Amino acid sequence: MTDTDDPDVTIDSKDASCPGPLMDLIGKVKTLDAGTVVELQTTARNSTTDVPEWLEEAGHDLLEIEERDEYWSIYLEVN
């Protein structure tokens, strides 16, 4: 597994309502090279299920979902 302690890109979508965080992620992933590790920060609980579903469909790798005090960090690797 890729190290999630130092992602290449962080997307701050905290306080955005669904589907905002997923749309932010999709827009950014289109501009990134394969192998890039991304951290999506979100306060939307639905993102913890919507994002992994999209990653599977799009062919990217879910690395980890970490629940923090105020938000979730969803780590992925672009393929």
Side-chain angles (χ1 to χ4, degrees):
M1 180 177 287
T2 304
D3 185 14
T4 58
D5 290 335
D6 188 24
D8 300 310
V9 175
T10 298
I11 302 169
D12 184 350
S13 290
K14 295 188 293 276
D15 299 322
S17 59
C18 272
L22 179 59
M23 295 297 104
D24 293 345
L25 176 63
I26 291 170
K28 187 65 177 177
V29 164
K30 291 179 181 180
T31 68
L32 300 175
D33 294 327
T36 302
V37 175
V38 178
E39 175 189 9
L40 174 65
Q41 299 174 342
T42 179
T43 52
R45 178 176 286 281
N46 289 354
S47 295
T48 62
T49 55
D50 294 349
V51 170
E53 289 173 7
W54 178 78
L55 292 173
E56 186 173 332
E57 290 176 17
H60 304 296
D61 294 328
L62 175 65
L63 300 177
E64 182 179 1
I65 299 176
E66 184 175 334
E67 187 172 356
R68 302 185 184 273
D69 290 338
E70 302 290 325
Y71 63 94
W72 288 271
S73 288
I74 302 173
Y75 296 94
L76 60 119
E77 184 173 349
V78 177
N79 288 329

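Treat the numbers as computed from the prediction; the structure is a model and nothing was measured.
Atom CG of L63 and atom CD1 of I74 lie 11.5 Å apart (nearest 0.5 Å). One finds the CG atom of D5 at 7.0 Å from the OH atom of Y75 (value rounded to the nearest 0.5 Å). Between the CG atom of L32 and the NE2 atom of H60 there is a distance of 9.0 Å, given to the nearest 0.5 Å. Once rounded to the nearest 0.5 Å, the distance linking OG1 of T43 with OH of Y71 reads 11.0 Å. Of the inter-residue distances, the one linking T36 atom OG1 with N79 atom CG reads 10.0 Å to the nearest 0.5 angstrom. Note that CD of E53 is 10.0 Å distant from CG of N46, once rounded to the nearest 0.5 Å.
For the pair V38 and K28, the minimum side-chain heavy-atom distance is 4.5 Å or more. Side-chain contact between P19 and D50: absent, with no pair of heavy atoms (C-beta onward) separated by less than 4.5 Å. Inter-residue side-chain proximity for V37 and P7 is flagged as met; some heavy-atom pair is nearer than 4.5 Å. Looking at L40 and S13, their side chains come closer than 4.5 Å, going by heavy atoms from C-beta outward.
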> Can you list the steps and then say if L25 with L76 is a side chain to side chain contact (heavy atoms under 4.5 Å, CB included)?
Replying inline: CA-CA 10 Å; L25 176 63; L76 60 119; 3.7 Å; yes
> Does the side chain to side chain contact (heavy atoms under 4.5 Å, CB included) test come out yes or no for V29 and W54, once each step is laid out?
Replying inline: CA-CA 12 Å; V29 164; W54 178 78; 4.2 Å; yes
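Between A16 and A44, the closest heavy-atom pair is O-CB, 4.0 Å.
Of the possible polar contacts, none joining the T10 side chain to the E39 backbone as a donor-acceptor pair under 3.5 Å is found.
Ion pairing between E66 and R68 holds under the 4.0 Å rule for side-chain N and carboxylate O.
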